[in-house]
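Everything on this sheet refers to the single structure shown next.
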Amino acid sequence: MIKNFKWLLLVSLTFVACNNNDEITTVIDSSDGLPLTAGTADFSKYVALGNSLTAGFSDGALFMKGQEGSYTNILSQQFALVGGGAFKIPYTNDNIGGLLFGGAQNPAFGPRLYFNGVGPVPVSGTPTTEVFNPAIATAGPYNNCGVPGAKSFHLLSPTYGSAAGLATGTANPYYVRFAPNGTTSVLAYAMSQSPTFFSLWIGNNDVLGYATTGGDGTNPITPPSGVPGVGFDGTYAALVTTLTSANAKGVIANIPYVTSIPFFTTIPYNPLSAKVLGGGDVAVGTATINALNAQLYGPLKAALTYLGAGDRINLLSTTTGNPLLIKDESLTNLSAQLTAVFTPTLGAQTAAFYGSIFGQARHATATDLVLLTTQAAIGSAPAGIPAPLNKFGITYPLQDKHVLIPTEIAELKTATDAYNVTIKSLADSKGLAFVDANAFMTQLNSGGIVGNGFTLTSTFVTGGAFSLDGVHPSPRGYALLANKFVEAINAKYGSNMKGVDLGNYRILYPGSL
């Protein structure tokens with residue numbers, strides 16, 4: 001009898017312990033210590049619209065592991081804990097990245113990057129993801145509708161998934177790959193799934209394209225105002241109005257200042273020390289600086305000073321880092337005046353050549369932003385330019401495409417601020433959760449963000465938040481981003497999802513996956 005009583009007591013305690021463990025598990029997985037709840041949101045059919053950030057692009061490419069680690073996929077895993085349904089992704093074929101067009105590799109879509117201990121380099125291997133594979137579209141529809149490269153108005157275009165449109169630039173190969181046909185817009189594709197909840201983060205490329213081309217005009221900023229398909233405000237209103245037309249709830253995010261990301265903050269404006277110019281030999285570099293001052297910068301500064309623009313150029317220092325030589329198209333063009341000044345000593349033809357090169361040249365300052373991709377151009381030879389002027393950034397000005405100057409940075413800020421007014425206004429009027437991605441990215445660039453004991457910053461390679469392309473997040477950066485979205489959703493809809501532990505996400509992807 002006593003033995004049986006002890007046995008029953010043991011069973012009872014075990015049962016209680018199991019119940020307590022179950023309860024603890026539920027509590028631990030929530031943000032407030034209460035049982036998990038979706039609040040007033042319905043996550044049963046979640047669709048995500050956006051660009052490369054939504055798709056999970058990282059290290060300069062779209063690949064399987066990156067897609068798995070997208071902030072949208074992490075969100076879907078959180079939603080699954082509170083009634084969320086399946087989240088289908090148009091996975092690429094490999095972890096190499098890159099695209100095939102009819103079996104041939106397209107060099108514009110290269111493999112992903114990895115850090116080899118010295119710098120970012122492409123992984124080895126041949127891409128296997130074919131754009132024109134009808135089986136991919138047939139296997140849809142896909143909940144992740146993120147399209148790398150998409151601007152806001154692209155989501156409204158009915159031909160954005162048309163294979164024929166690739167030749168004219170009106171279509172996108174990433175969307176062509178999974179689009180149901182060539183006449184369905186990304187927005188229509190998402191709506192065909194009758195979403196109960198959506199995320200929309202679009203507009204980054206509307207300013208980023210201009211920024212990554214140095215503001216040279218080849219990729220203009222989307223006008224802040226205009227009708228749907230033309231201006232950002234009209235386009236964004238059309239997107240949000242359609243997505244909420246069947247009473248779906250959702251979360252939208254504003255646009256960060258693109259100039260806060262590593263692509264624009266990594267390369268210093270003044271990297272030309274004696275050691276750098278001497279290829280590691282300070283003595284050689286010092287001699288080079290003295291020669292440059294005597295033969296180029298001295299005469300050029302004297303001529304510009306005569307013309308009232310002596311502040312454009314300064315003599316180089318042998319003891320500190322020196323600024324890059326750049327072209328600033330916002331400056332008055334003094335080509336004709338320089339030609340006239342140089343003609344008596346150089347002759348008419350050579351003087352005209354120098355005048356054409358240095359008419360809008362100046363030394364860079366801390367207010368200029370040198371693009372990450374410009375690093376490869378510094379010191380290289382401009383096409384058709386003879387020695388001794390054939391060194392980009394040293395004896396020949398870096399061009400518009402290489403650097404963002406203050407007037408271009410101001411244009412980007414003005415457009416971004418206007419976009420963000422539109423986004424916040426629609427978030428408020430439609431009752432949507434709102435993520436201040438601009439504040440989030442700014443914080444990464446000015447001290448960092450702490451989460452789960454890790455400090456993430458925007459420092460290139462080592463900061464932990466960005467991948468090796470300097471634009472897109474790292475795995476841990478995407479996890480942090482997902483947590484910011486979760487916080488906004490919890491605050492708006494009364495859900496209590498906890499988010500993910502950043503320690504479970506690596507800083508960078510290795511060469512082999």
Side-chain angles (χ1 to χ4, degrees), residues 47-68 70 72-73 88-113 122-123 125-190 192 201-206 208-209 212-213 218-220 222 229 373 467 469 471-472:
V47 297
L49 294 87
N51 48 42
S52 52
L53 295 164
T54 296
F57 202 93
S58 193
D59 294 326
L62 191 67
F63 52 97
M64 291 181 70
K65 283 293 185 183
Q67 291 173 287
E68 289 176 1
S70 67
T72 48
N73 193 41
K88 197 168 185 178
I89 299 171
Y91 279 115
T92 53
N93 289 7
D94 54 52
N95 283 311
I96 298 171
L99 296 175
L100 301 178
F101 287 64
Q105 184 176 352
N106 189 315
F109 304 90
R112 67 180 176 88
L113 304 171
V123 298
T126 302
T128 59
T129 300
E130 173 62 55
V131 171
F132 307 117
N133 180 0
I136 301 301
T138 303
Y142 297 98
N143 302 73
N144 192 331
C145 304
V147 181
K151 296 185 178 183
S152 58
F153 54 85
H154 288 143
L155 302 189
L156 299 178
S157 171
T159 61
Y160 203 48
S162 168
L166 291 175
T168 59
T170 57
N172 183 307
Y174 291 105
Y175 185 45
V176 167
R177 183 172 170 267
F178 72 88
N181 50 54
T183 59
T184 300
S185 70
V186 176
L187 177 62
Y189 182 73
S192 71
W201 195 14
I202 195 71
N204 296 279
N205 289 329
D206 295 64
L208 181 64
T212 56
T213 53
T218 58
N219 199 332
T222 300
T373 47
S467 71
D469 58 30
V471 174
H472 300 89

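Keep in mind that what you see is a predicted model, and the values were worked out from it rather than measured.
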* Asked: If every non-hydrogen atom of Val176 is compared with every non-hydrogen atom of Phe132, which pair is closest and at what distance?
  -> CG1-CE2, 4.2 Å
* Asked: Judged by atom type as modelled, is there a donor-acceptor pair below 3.5 Å linking the side chain of Asn205 to the main-chain atoms of Lys151?
  -> no
* State, with a plain yes or no, whether a side-chain heavy atom of Arg177 is found less than 4.5 Å away from one of Asn133. => no
* Asked: Of all heavy-atom pairs between Ala55 and Gly146, which one has the smallest distance, and what is that distance?
  -> CB-O, 3.7 Å
* Answer yes or no: is there a donor N or O on one side and an acceptor on the other, between the side chain of Arg112 and the main chain of Asn95, under 3.5 Å? => yes
* Chi angles and distances behind the side chain to side chain contact (heavy atoms under 4.5 Å, CB included) call for Val147, Phe178 -> CA-CA 10 Å; Val147 181; Phe178 72 88; 4.2 Å; yes
* Asked: Are any non-hydrogen side-chain atoms of Pro173 and Leu166 less than 4.5 angstrom apart?
  -> yes
* Asked: Under the 3.5 angstrom rule, does the side chain of Tyr175 hit a backbone N or O of Leu155 as a donor-acceptor pair?
  -> no
* Between the main-chain N or O of Asp59 and the side-chain N or O of Ser467, is there a donor-acceptor pair closer than 3.5 Å? -> yes
* Asked: Could you go step by step and tell me if Asn219 and Thr213 meet the side chain to side chain donor-acceptor pair (under 3.5 Å) rule?
  -> CA-CA 7 Å; Asn219 199 332; Thr213 53; 5.4 Å; no
* Can you check whether Thr54's main-chain N or O pairs, donor with acceptor, with Thr72's side chain at less than 3.5 Å? -> yes
* To do: Using atom types as modelled and distance alone, determine if a side-chain donor or acceptor of Glu130 lies under 3.5 Å from a backbone N or O of Leu99.
  => no
* Structure fact -> Heavy-atom nearest pair, Gly110 first then Ala61, reads O-CB, 3.9 Å
* Structure fact -> Value for CG (Asp94) from CE (Met64), rounded to nearest 0.5 Å, stands at 8.0 Å
* Gln67 and Thr92: side-chain donor and acceptor closer than 3.5 Å? -> yes
* Indicate yes or no for a side-chain donor-acceptor contact from Thr129 to the backbone of Asn93 under 3.5 Å, with no hydrogens or angles considered. => yes
* To do: Determine whether more than 12 heavy atoms belonging to other residues, nucleotides or ligands lie under 6.0 Å from atom NZ of Lys65.
  => no
* Do you know the tightest heavy-atom contact between Ser162 and Gly182? -> CB-O, 3.6 Å
* Asked: Closest approach of Gly140 and Tyr189, non-hydrogen atoms and distance?
  -> CA-OH, 4.2 Å
* With a 4.5 Å heavy-atom cut-off, do Phe57 and Asp469 have their side chains touching? -> yes
* **Side-chain donor or acceptor of Asn73 paired with backbone N/O of Glu68 under 3.5 Å** => yes
* To do: Name the orientation class of the two ring planes belonging to His154 and Tyr160 (parallel below 30°, tilted from 30 to 60°, perpendicular beyond 60°).
  => parallel
* Cys145 side, atom SG; Ile89 side, atom CD1 - distance, nearest 0.5 Å -> 11.0 Å
* Side chain Asn106, main chain Phe101, donor-acceptor under 3.5 Å -> no
* To do: Look only at the side chain of Asn51 and the backbone of Ile202, and say whether a donor-acceptor pair between them is shorter than 3.5 Å.
  => no
* To do: Heavy atoms only: give me the nearest Tyr142-Ile136 pair and the separation to one decimal.
  => OH-O, 2.5 Å
